Colleague: 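My questions will all concern the structure given below.
Model, not experiment: these values are computed from the prediction. First the proteins, then the strands, lettered A, B, ... as listed; each starts at 1.
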There are 2 protein chains.
Amino acid sequence: MCGQNHCHHPSPCRCDGRMERFLEPCLLLLLHEGPAHGYELRTRLERFGLAPDRQDPGLVYRTLRRLEEDGFLFSEWETEGGGPARRLYRMTADGEKLLHEWAKVIARNRARLDEFLQAYRARFGGDS
Amino acid sequence: MCGQNHCHHPSPCRCDGRMERFLEPCLLLLLHEGPAHGYELRTRLERFGLAPDRQDPGLVYRTLRRLEEDGFLFSEWETEGGGPARRLYRMTADGEKLLHEWAKVIARNRARLDEFLQAYRARFGGDS
DNA sequence: GCTTATAAGTGAAATTAGCATATATATGTG
DNA sequence: CACATATATATGCTAATTTCACTTATAAGC
């Protein structure tokens with residue numbers, strides 16, 4: 001990261017694009033809206049601040065396969081239509097449960113970020 | 001984590017306590033309020049949802065040492081007063097800059113979590 | 001003396017992310 | 001037809017980061 005050992009400079013690196021584990025709940029939420037394949041999901045992730053050109057495709061595909069392996073998704077190959085075959089993912093009942101768990105975790109995490117930002121603004125008087 | 005390969009069940013595990021890299025900005029903010037040593041910071045982290053009994057002390061101390069190594073903090077041994085010696089940390093000018101960078105990153109990340117939660121509630125009608 | 005609270009660490013394993021690269025199909029262009 | 005490009009999925013390896021399990025040491029209380 002940044003070519004340095006520890007990333008302390010958000011500008012040239014992509015620390016700001018690093019939302020570890022956030023990928024998983026985003027994929028689950030997108031898939032709850034309907035079945036989709038990886039490549040399409042990659043474009044729809046932009047909504048959550050994860051633009052395709054800043055993604056590691058490997059991570060997206062690996063996360064999807066792992067979620068399937070663990071029973072939260074399942075997929076079928078779709079060969080109809082032009083281009084290479086797509087793996088069409090659908091959510092399982094367990095996947096929806098997992099999404100609900102994630103929503104709680106994310107709400108809690110947002111509260112933490114809020115706490116930080118409030119304390120920060122209290123000290124530095126930012127009003128943005 | 002959870003004793004399983006992939007943590008998917010927030011209840012018995014500490015996924016909800018896992019805010020990767022959030023420790024660093026929290027420590028910086030607390031240290032901006034004044035010099036402090038690790039053990040004390042560990043108790044003050046509770047404010048950000050990081051209660052001492054859910055922390056890995058090793059991570060806290062290592063993070064402080066790393067921040068010092070990189071010039072964002074500096075420390076002196078404090079032997080006065082009862083108990084074992086404390087390493088009293090103070091923030092450097094670079095440390096304060098880093099804190100400001102972190103504040104931007106965290107504001108951005110909160111926006112992402114908000115986006116997720118809004119989309120989630122739009123689908124599931126939560127109003128909490 | 002023994003236990004507990006305070007205080008700061010280290011070593012090694014497990015997890016997670018990032019980077020580079022591979023593979024394959026279809027489509028458009030000269 | 002050859003070649004580049006867009007679509008689509010994936011693997012191998014490395015690096016970064018976290019977690020778990022310990023270790024060391026001082027002082028206070030019983």
Colleague: May I ask you to decide if B:S75's main-chain N or O and B:E68's side chain share a donor-acceptor pair within less than 3.5 Å?
Modeller: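 Answer holds: yes.
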Colleague: Please give, in whole Å, the distance from D:dC20 P to B:R54 CZ?
Modeller: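 So the two atoms are 13 Å apart, to the nearest Å.
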Colleague: Give a yes or no answer on whether the side chain of B:Q55 reaches the backbone of B:V60 with a donor-acceptor pair at less than 3.5 Å.
Modeller: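 Between the backbone of B:V60 and the side chain of B:Q55 there is no qualifying donor-acceptor contact (under 3.5 Å).
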Colleague: Residues of residues 26-38 of chain B with any non-hydrogen atom less than 4.0 angstrom from an atom of DNA chain C: list those, numerically ordered, please.
Modeller: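 By residue number: B:H37, B:G38.
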Colleague: Closest approach to the side chain of A:R62, judged atom by atom: which nucleotide of D:dT18, D:dT11, C:dG9 is it?
Modeller: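 For A:R62, the side-chain atoms sit closest to D:dT11.
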Colleague: What orientation do A:Y120 and A:F116 show, parallel under 30°, tilted 30 to 60°, or perpendicular over 60°?
Modeller: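 Rings of A:Y120 and A:F116: parallel, under 30°.
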Colleague: Short question: side chain of B:R112, backbone of A:G49 - any donor-acceptor pair under 3.5 Å?
Modeller: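 At least one qualifying donor-acceptor pair exists.
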Colleague: Under 4.0 Å between a side-chain nitrogen and a carboxylate oxygen: does that hold for A:R86 and A:E40?
Modeller: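 Salt bridge: no.
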Colleague: To the nearest 0.5 Å, how far apart are CG in B:L98 and CZ in B:F72?
Modeller: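 So the gap between those two atoms works out to 5.0 Å.
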Colleague: Looking only at the side chain of A:R21 (C-beta and beyond, no hydrogens), which of the listed nucleotides C:dT16, D:dA10, D:dT18 gets closest?
Modeller: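 Of all the options, the side chain of A:R21 is nearest to C:dT16.
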Colleague: Would you say the side-chain atoms of A:E76 pair up with the backbone N or O of A:Y89, donor to acceptor, closer than 3.5 Å?
Modeller: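 Between the backbone of A:Y89 and the side chain of A:E76 there is no qualifying donor-acceptor contact (under 3.5 Å).
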Colleague: Could you please name the option among C:dA20, D:dA8, C:dG9 that lies closest to any side-chain atom of A:D56?
Modeller: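 Output: C:dA20.
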Colleague: When you measure from the side-chain N and O atoms of B:R66 to the phosphate of D:dT17, is any distance below 4.0 Å, counting only OP1 and OP2?
Modeller: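 Answer no for this pair, as no side-chain N or O of B:R66 is under 4.0 Å from OP1 or OP2.
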Colleague: Within this structure, what is the CH2-to-P distance between A:W77 and C:dT25, rounded to whole angstrom?
Modeller: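 From A:W77 CH2 to C:dT25 P: 12 Å.
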Colleague: Between P on D:dT11 and CG on A:L59, what's the gap in Å once rounded to a whole number?
Modeller: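 Rounded to whole Å, this separation is 13 Å.
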Colleague: Within the structure, does a side-chain N or O atom of A:R86 lie under 4.0 Å from either OP1 or OP2 of D:dA8?
Modeller: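 Answer yes for this pair, as a side-chain N or O of A:R86 is under 4.0 Å from OP1 or OP2.
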Colleague: Mind calculating the distance between CG (A:D70) and C1' (C:dT15) to the nearest angstrom?
Modeller: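 About 14 Å, once rounded to whole Å.
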Colleague: For the pair made of CD in B:E40 and P in C:dA8, what is the distance, rounded to whole Å?
Modeller: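 It works out to 10 Å between those atoms.
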Colleague: With ILVMFWY side chains joined below 4.5 Å, transitively, what does B:Y39's cluster contain besides itself?
Modeller: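 Hydrophobic cluster check, B:Y39: joined to B:Y61.
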Colleague: Output one letter per nucleotide in nucleotides 24-30 of chain D: B when a protein non-hydrogen atom lies under 4.0 Å from the base, S when only the sugar-phosphate is that close, - when neither is.
Modeller: -BBS---
Colleague: Once rounded to the nearest 0.5 Å, what's the spacing between atom CG of A:L41 and atom CD of A:E46?
Modeller: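 Those atoms lie 13.5 Å apart.
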Colleague: Do the side-chain N or O atoms of B:Y61 get closer than 4.0 angstrom to the phosphate oxygens (OP1, OP2) of C:dG9?
Modeller: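 No, B:Y61 has no side-chain N/O under 4.0 Å of OP1/OP2 on C:dG9.
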Colleague: Could you check how far CD of A:E80 sits from P of C:dA26, rounded to whole Å?
Modeller: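 These atoms are roughly 12 Å apart.
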Colleague: Can you tell me how far P of D:dA8 sits from CD of A:Q55, to the nearest Å?
Modeller: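 Taking CD of A:Q55 and P of D:dA8, I get 14 Å after rounding.
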Colleague: Taking B:T63's backbone N and O only, do any of them form a donor-acceptor pair with B:E24's side chain (distance below 3.5 Å, no angle check)?
Modeller: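 Not confirmed, B:E24 side chain does not pair with B:T63 backbone.
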Colleague: C:dA7 C1' sits how many Å from B:L88 CG, rounded?
Modeller: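 Computing the B:L88:CG to C:dA7:C1' distance gives 13 Å.
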Colleague: Respond yes when some side-chain nitrogen or oxygen of A:R87 is under 4.0 Å from OP1 or OP2 of D:dA8, and no when none is.
Modeller: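 For A:R87, the contact criterion (side-chain N or O under 4.0 Å from OP1 or OP2 of D:dA8) is not met.
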